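These notes are about the structure you will find just below.
Quick caveat: nothing in here was measured; it's all calculated off a predicted structure.
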Amino acid sequence: FLAMMVGELYMTGEWDEALELAAGVPHVEESASTRFAAIELLIVIPALHIARGDHEEAAEILERYSALADSADVQERAAYFSSRATVLRAAGDLQGALDAARQAIDAWPIIGAAHQSVKLAFVHAGDASVELGDLAAADEMIAFVDGVGAGARTPFLRSQSSRLRARLAGARGDLDKVEPAFAEAERICREVGLPFWLATCLVEQAEWLAGQHRSDEAGGLLAEARE
């Protein structure tokens, strides 16, 4: 239960509370009875440390769980590779991040597309593919979200899919599609209370506007992102 709360706090941007709760959950090697909880934390805690700028701590946590790369349990492997994608992308290894994220996403028919490891892996796969210039891979990620059942297409996945569509449209020069896609992603983030992800969308949209010589329109977005 505590581990699930940590995940919710991370997603809603309440990072101090998330870390405080996480400290009370034993590591996977300490107690077999808390293994599930520890795996849940593996998905989000490295991402949380990276968001706060502590890349070294994130890498150390991932290394602690490295044996899970070969686990017989699909959920454990997905958690490990989702976290690995987080750490590798932060380290600048975009191809490694994309490869790891794909391994996590491949688990979705068994653990579900709404699983935290799959959702966060989707974010890193999409961003890494755009940053690599591998737009076909980005298309694959959008097709993945479009292809899962409506019940599994959570607000988070829908918002991040729209955000990826915006980035992909920008990369392709489809200028008329960029702002509507960002606007849809931001609308969903506001509706369900995802402030960190909202700020991410706002900053990326502001950066795109600046690149289009429309910096005067970016100020309001950046001001909201800082709130």
**Prompt:** Within the distance-only criterion (no hydrogens, no angle test), does the side chain of S162 pair as donor or acceptor with the backbone N or O of R158 below 3.5 angstrom?
**Reply:** yes

**Message:** On a heavy-atom basis, which atom in A104 and which in S117 lie closest, and how many Å separate them?
**Reply:** CB-O, 4.3 Å

**Request:** Give a yes or no on whether a salt bridge exists between R64 and E60, defined as a side-chain N under 4.0 angstrom from a carboxylate O.
**Result:** no

**A185 versus C201, closest heavy-atom pair with distance** = CB-SG, 3.8 Å

**Complete:** In terms of heavy-atom contacts, A47 and T86 come closest through CA-CG2, 3.6 Å

**Request:** Supply the atom-to-atom distance F182 CZ to R187 CZ, rounded to the nearest 0.5 angstrom.
**Result:** 16.0 Å

**Request:** Output, in order, the C-alpha distance, side-chain angles, deciding distance and verdict of side-chain contact (heavy atoms from CB on, under 4.5 Å) for L68 and R77.
**Result:** CA-CA 6 Å; L68 297 184; R77 291 200 308 274; over 6 Å; no

**Request:** Over all heavy atoms of both residues, which pair between P46 and A58 is shortest? Give the atoms and the distance, please.
**Result:** O-CB, 3.5 Å

**Message:** What verdict does the side-chain contact (heavy atoms from CB on, under 4.5 Å) test give for V203 and L221, after you've listed the backbone C-alpha separation in whole Å, the side-chain angles of each residue and the deciding distance to 0.1 Å?
**Reply:** CA-CA 7 Å; V203 169; L221 299 173; over 6 Å; no

**Asked** V178, L164: one ILVMFWY side-chain cluster at the under-4.5 Å cut-off?
**Response** no

**Request:** Answer yes if the side chains of E76 and S71 hold a donor-acceptor pair under 3.5 Å, and no otherwise.
**Result:** yes

**Asked** What do the steps show when you test R163 against V123 for side-chain contact (heavy atoms from CB on, under 4.5 Å), and what is the final call?
**Response** CA-CA 9 Å; R163 173 176 160 263; V123 173; 4.0 Å; yes

**Note, Q116 side chain near L120 side chain (heavy atom, < 4.5 Å)** = yes

**Complete:** Apart from L132 itself, its cluster of hydrophobic side chains linked below 4.5 Å comprises L94, L98

**Message:** Quick test of your reading: applying ring pair (Phe, Tyr, Trp, His ring centres under 6.0 Å), list the pairs with at least one residue in residues 185-206, sequence neighbours left out, ordered by first then second residue.
**Reply:** W15-F196, F156-W197

**Heavy-atom donor-acceptor pair, D134 side chain to A137 backbone, under 3.5 Å** = yes

Could you give the side-chain donor-acceptor pairs of residues 49-57 under 3.5 Å, partners two or more places apart or in another chain?
residue: R52; atom: NH1; partner: D16; partner atom: OD1; Å: 2.8
residue: R52; atom: NH2; partner: D16; partner atom: OD1; Å: 3.3
residue: D54; atom: OD1; partner: E57; partner atom: N; Å: 3.2

**Request:** Examine distances only and state if a side-chain atom of S129 and a backbone atom of G126 form a donor-acceptor pair shorter than 3.5 Å.
**Result:** yes

**Item:** Shared hydrophobic cluster for V145 and I188 (ILVMFWY, side-chain gaps under 4.5 Å)
**Value:** no

**Message:** Just verifying a value: how many Å separate R89 CZ and E131 CD, rounded to the nearest 0.5 Å?
**Reply:** 4.5 Å

**Carboxylate-amine/guanidinium proximity below 4.0 Å for E207 and R167** = no

**Complete:** In short, L168 meets A138 closest at the heavy-atom pair CD1-CB, 3.8 Å

**Request:** Could you name each residue pair satisfying salt bridge (Lys or Arg N to Asp or Glu O under 4.0 Å) that touches residues 90-114, not counting sequence neighbours?
**Result:** R102-E140

**Prompt:** Do L222 and L202 have side chains that get closer than 4.5 Å, going by heavy atoms?
**Reply:** no

**Item:** Under 3.5 Å donor-acceptor, S82 side chain and V118 backbone
**Value:** no

**Prompt:** Which distance, rounded to the nearest 0.5 Å, do you find between the CG of L62 and the CG of L42?
**Reply:** 7.0 Å

**Asked** Under 4.5 Å between side-chain heavy atoms, hopping through other hydrophobics if needed: is there a path connecting V44 to V87?
**Response** yes

**Complete:** Smallest heavy-atom separation, F122 atom then M141 atom, equals CE1-O, 3.3 Å

**Request:** Decide yes or no on side-chain contact (heavy atoms from CB on, under 4.5 Å) for L209 and E179, but give the supporting numbers first.
**Result:** CA-CA 9 Å; L209 286 169; E179 290 179 276; 3.8 Å; yes

**Message:** With ring pair (Phe, Tyr, Trp, His ring centres under 6.0 Å) as the rule and sequence neighbours excluded, what pairs involving residues 70-110 come up?
**Reply:** W108-F144

**Prompt:** Side chains of H115 and I43: closer than 4.5 Å at any heavy-atom pair?
**Reply:** yes

**Message:** Check this for me: does any side-chain nitrogen of one of E224 and R190 sit under 4.0 Å from a carboxylate oxygen of the other?
**Reply:** yes

**Prompt:** According to the side chain to side chain donor-acceptor pair (under 3.5 Å) rule, which pairs have a member within residues 143-157, sequence neighbours left out?
**Reply:** D146-R165

**Prompt:** Measuring from H124:NE2 to I105:CD1, what's the distance to the nearest 0.5 Å?
**Reply:** 10.5 Å

